[in-house]
Amino acid sequence: MAITKEEIIRATELQRNYRSVLDRAAKHPVSVSRDSGDDVTLVSRDRWQDAHAAFEIQTLVAAIGLTLVRRLEGGQVTYPVELSWLRDFDNEELIEFGDEFFTTLDNVRRRRLPPNAVEELIRQWEASSAAATDRVLQTRFSQARKEMTARRRRRR
Amino acid sequence: MILVPVPSTWRTGEHKVYVLSKTVLKEWQELAQRRPDDARRCYERLASLPLQPFGGRQVPLKGKNNRGFWQYEVSSGDRVHYCVLPDATDVMIVSAGKHPRSGVSLGITLKKRSR
């Protein structure tokens with residue numbers, strides 16, 4: 001998200017015209033310059049949430065990128081807690097995950113997908129890791145595949 | 001394959017819903033007894049829109065060993081796993097009930113906070 005305009009005012013103006021300042025802050029960031037203490041910026045809640053989400057995405061991209069590179073290099077990997085499920089997939093599957101993740105991210109950036117598409121994709125893979133490591137479930141999947149094959153043959 | 005018995009109050013869809021085996025039927029019946037409303041919602045979704053992801057609740061499973069299978073989160077601790085049969089008309093539930101790793105949560109929240 002690009003900040004197109006930032007207005008800088010003195011703390012005294014905020015005291016004098018707080019309503020007008022808040023109205024302007026709803027439209028663009030207004031930074032309050034203070035003699036004592038750090039400057040403070042007023043922004044709309046939507047803008048703050050967008051910035052926060054962007055920061056989280058950035059953190060996630062870095063963690064996923066680093067984990068994928070380390071795994072594909074064959075080096076020692078320390079998985080972030082929130083991505084520990086990645087260990088359940090082999091390298092081929094990790095490449096598939098990386099491809100889907102970065103494609104989704106790009107589509108969100110281009111507004112072709114809603115912002116929560118990234119989170120949904122990660123949930124899908126996280127759920128898949130639990131299924132992939134569940135032996136009982138994997139046996140059922142094998143049985144189901146056999147059933148589907150038999151059904152195909154019966155239909156021919 | 002066994003057709004899932006449907007209470008008269010449940011809506012049926014264009015897809016028939018089967019279970020893989022008697023074991024799975026028992027799992028499904030136990031789930032439906034324990035969480036009747038959630039099981040009904042699950043059944044109605046599978047019978048109408050089995051191949052349409054729905055947030056984190058209904059997801060296609062990823063990875064080569066899971067390919068072709070889907071997961072429906074019935075409740076925080078219960079999952080139904082299913083696939084759509086080759087002719088795309090019928091759905092087959094392959095597992096229903098408690099999930100060993102249910103409740104695993106994503107460590108991040110990318111959605112906007114509610115007001």
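Within every chain, numbering begins at 1; the chains are lettered A, B, ... in the order of the sequence lines, protein sequences first and strands thereafter.
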Check your understanding: Looking only at atom types and distance, does a side-chain atom of B/Q71 sit under 3.5 Å from a main-chain N or O of A/S128, one as donor and one as acceptor?
Key ->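 Side chain of B/Q71 to backbone of A/S128, a donor-acceptor pair under 3.5 Å: no, none is there.
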
Give a yes or no on whether [X] atom [atom1] has more than 12 heavy-atom contacts from other residues, nucleotides or ligands under 6.0 Å away.
X     : atom1 : result
A/R70 : CZ    : no
B/F54 : CZ    : no
A/D38 : CG    : no
B/K26 : NZ    : no

Review point. What part of A/E147 is in contact with chain B, defined as an atom under 4.5 angstrom from a non-hydrogen atom: side chain, backbone, both or neither?
Key: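 Only the side chain of A/E147 comes within 4.5 Å of chain B.
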
Point to revise | Parallel, tilted or perpendicular: rings of B/H81 and A/F141 (30°, 60°) | key: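 Ring orientation, 0 to 90° scale: perpendicular.
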
Check your understanding: Under a 4.5 Å cut-off applied to non-hydrogen side-chain atoms, are B/P53 and A/E120 in contact?
Key ->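 Side-chain contact under 4.5 Å: no.
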
Point to revise | Min side-chain heavy-atom separation B/F69-A/R145 under 4.5 Å | key: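 In short, these two side chains touch, coming nearer than 4.5 Å.
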
Point to revise | Option that, when pairs with chain B are counted at under 4.5 Å, heavy atom only, ranks first among A/T149, A/D90, A/V136 | key: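 Option with the top pair count is A/D90.
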
Review point. Between A/R123 and B/E73, is there a salt bridge with N-O shorter than 4.0 Å?
Key: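 No, B/E73 and A/R123 are not salt-bridged.
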
Atom group of [X] that falls short of 4.5 Å from chain A, counting heavy atoms:
X     : value
B/V19 : neither
B/S21 : neither
B/R57 : neither

Quick one: pull up [atom1] in [X] and [atom2] in [Y] and give me the separation to the nearest 0.5 Å.
X      : Y      : atom1 : atom2 : answer
B/L20  : A/M148 : CG    : CE    : 9.5 Å
A/L137 : B/N65  : CG    : CG    : 10.5 Å
A/E93  : B/N66  : CD    : CG    : 7.5 Å
A/R151 : B/M1   : CZ    : CE    : 4.0 Å

Check for me, please, whether [X] and [Y] land in the same ILVMFWY cluster - side-chain distances under 4.5 Å, paths through other members count.
X     : Y      : value
A/V61 : A/V108 : yes
B/I93 : B/L51  : yes
A/L86 : A/I95  : no
A/V30 : A/I8   : no
B/V84 : B/I2   : yes

Point to revise | Heavy-atom pair count under 4.5 Å with chain A, highest-scoring of B/G56, B/S95, B/P86 | key: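 Most pairs with chain A among the choices: B/P86.
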
Point to revise | Greatest number of heavy atom pairs closer than 4.5 Å to chain A - which of B/T23, B/V24, B/V94 | key: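 Looking at each option in turn, the highest pair count goes to B/V94.
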
Point to revise | All side chain to side chain contact (heavy atoms under 4.5 Å, CB included) counterparts of A/N107, not counting sequence neighbours | key: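 Once residues adjacent in sequence are excluded, the partners of A/N107 under the side chain to side chain contact (heavy atoms under 4.5 Å, CB included) criterion are A/T103, A/R112, A/L113.
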
Practice item. Please test A/E96 against B/K62 for salt bridge (Lys or Arg N to Asp or Glu O under 4.0 Å), starting from the C-alpha separation and ending with a verdict. Key: CA-CA 9 Å; A/E96 190 184 332; B/K62 308 284 186 172; 5.9 Å; no

